[in-house]
Amino acid sequence: THFLPILDRGGKNLAWDDSTTYFKYLDYLLNRYKARISHWEVMNEADLISGQTYQTLGQKYAGILKSIYRHIKTADATATVVVGGMSGITNGFLKAACDNGAYKYFDIMNFHSYRSPEDNIDVYTNLFNMMKQGGWNKHVWMTETGYSTPKTTTNHRDFFSKIIPACLSR
């Protein structure tokens, strides 16, 4: 079992806008917790930062991810870097980030899904196609999920017993 802390985006001044302050924050966390924390998620849902296109966000995220990855690995070569959970796989952010080399600077691919359970199979298929086309291969985690609760449904046993296993098998 691992604790998965999420490294902040940087508050009002995003990490790529004020990297000096951001790396002071990162150094503090790494020095304090590296003996107890082995996995680090780099910025939650950076694709949802408003005011910029997915292309621009992907480029900026790729740049800062490279620096953060190297910083973490220098502090602890055995640490695992988890890409920040994305709210969307097909919104253009991930492709832009990976076109700018981001796939080289994380160990685990991570995303969030708040789609209907049946749609997750397509999400995984799209993700794996993107990985194949880009020539990169990573373990994939879904660290946040939710699903609809229509009034006609009395339980969600099938979500955990059928849908998630089907997604993971693909």
Side-chain angles (χ1 to χ4, degrees), residues 1-114 120 123-145 167-168:
T1 303
H2 300 283
F3 177 72
L4 180 62
I6 301 170
L7 297 172
D8 186 59
R9 296 177 187 164
K12 282 194 260 183
N13 297 315
L14 298 170
W16 47 76
D17 295 329
D18 185 2
S19 61
T20 301
T21 301
Y22 192 85
F23 282 97
K24 286 179 185 176
Y25 154 77
L26 184 57
D27 282 336
Y28 173 79
L29 294 175
L30 292 170
N31 289 327
R32 181 172 176 118
Y33 298 109
K34 74 178 178 183
R36 294 183 282 167
I37 294 176
S38 60
H39 292 63
W40 300 90
E41 180 178 331
V42 181
M43 299 183 196
N44 186 50
E45 297 182 349
D47 60 321
L48 293 184
I49 296 171
S50 63
Q52 299 178 39
T53 66
Y54 291 127
Q55 180 71 27
T56 299
L57 287 173
Q59 289 172 334
K60 288 181 177 185
Y61 184 76
I64 200 68
L65 179 64
K66 177 180 179 179
S67 297
I68 292 170
Y69 177 89
R70 289 179 171 169
H71 207 80
I72 290 171
K73 294 292 187 168
T74 298
D76 180 1
T78 65
T80 300
V81 177
V82 181
V83 75
M86 287 166 229
S87 67
I89 295 298
T90 59
N91 63 16
F93 173 86
L94 179 60
K95 182 169 180 355
C98 288
D99 285 349
N100 285 279
Y103 66 91
K104 299 174 190 173
Y105 302 104
F106 62 87
D107 303 308
I108 296 175
M109 176 62 213
N110 176 24
F111 75 98
H112 301 160
S113 177
Y114 288 92
N120 280 326
V123 170
Y124 275 101
T125 300
N126 290 334
L127 176 58
F128 288 119
N129 286 338
M130 185 183 305
M131 290 166 62
K132 185 176 180 181
Q133 289 169 358
W136 55 281
N137 186 22
K138 306 284 181 173
H139 289 283
V140 177
W141 289 0
M142 182 185 346
T143 58
E144 277 185 35
T145 187
C167 289
L168 295 175

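Excluded from the calculations below are hydrogen atoms, water molecules and symmetry mates; all remaining heavy atoms, backbone and side chain alike, are included.
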Worked check of ring-ring contact (aromatic ring centres under 6.0 Å, His included) between Phe106 and Trp136: CA-CA 11 Å; Phe106 62 87; Trp136 55 281; 5.7 Å; yes
Non-hydrogen side-chain atoms of Thr20 and Lys24 separated by less than 4.5 Å: yes
Heavy-atom pair with the smallest gap, counting every atom of Gln55 and Ala96: OE1-CB, 3.6 Å
Asn120 CG to Thr125 OG1 distance, which is reported to the nearest 0.5 Å: 10.5 Å
Within the 6.0 Å centroid threshold, strictly below: Tyr25 and Tyr22: yes
Spacing of Ile68 atom CD1 and Ser19 atom OG [to the nearest 0.5 Å]: 9.5 Å
Closest heavy-atom pair and its distance - His112, Glu41: NE2-OE2, 4.4 Å
Side chains of Lys73 and Asp107 in contact at under 4.5 Å (non-hydrogen atoms): yes
Side chain proximity check, Leu48 to Phe93, heavy atoms < 4.5 angstrom: no
Within 6.0 angstrom of Lys138 NZ, more than 12 heavy atoms from elsewhere: yes
Side-chain touch Thr143/Val82, heavy atoms, less than 4.5 angstrom: no
Contact check, side chains of Asp47 and Tyr61, non-hydrogen atoms, under 4.5 Å: no
Within the 6.0 Å centroid threshold, strictly below: Trp40 and His71: no
Evaluation steps, side chain to side chain contact (heavy atoms under 4.5 Å, CB included), between Met43 and Trp16: CA-CA 11 Å; Met43 299 183 196; Trp16 47 76; 4.2 Å; yes
Atom pair OG1 (Thr80) and CD1 (Ile108), whose distance is rounded to the nearest 0.5 Å: 5.5 Å
Test item: Asn100 and Lys66 side chains (from C-beta on) under 4.5 Å apart, heavy atoms: no
Verdict with supporting geometry, Val83 and Tyr69, side chain to side chain contact (heavy atoms under 4.5 Å, CB included): CA-CA 10 Å; Val83 75; Tyr69 177 89; over 6 Å; no
Value rounded to 0.5 Å, distance of CG in Leu127 from CG in Leu94: 6.5 Å
Side-chain donor or acceptor of Asp17 paired with backbone N/O of Asn13 under 3.5 Å: no
Taking every non-hydrogen atom, the tightest pair across Ala62 and Ala97: CB-O, 3.4 Å
Exercise: identify the closest heavy-atom pair between Val123 and Phe111: CG1-CE1, 3.5 Å
Leu4/Trp141 under side chain to side chain contact (heavy atoms under 4.5 Å, CB included): CA gap, chis, key distance, verdict: CA-CA 12 Å; Leu4 180 62; Trp141 289 0; 4.3 Å; yes
Lys60 vs Leu14 side-chain heavy atoms within contact, under 4.5 Å: no
Under 3.5 Å donor-acceptor, Thr145 side chain and Ser113 backbone: yes
All side chain to side chain donor-acceptor pair (under 3.5 Å) counterparts of Thr53, not counting sequence neighbours: Thr56
Residue pair Met142 / Tyr124, side-chain heavy-atom distance below 4.5 Å: yes
Distance in Å, Asp76 CG paired with Leu30 CG, rounded so as to fall on 0.5 Å steps: 8.0 Å
Asn44 backbone acceptor or donor facing Arg9 side chain under 3.5 Å: yes
From Arg70 atom CZ to Ile72 atom CD1, the distance as rounded to the nearest 0.5 Å: 13.0 Å
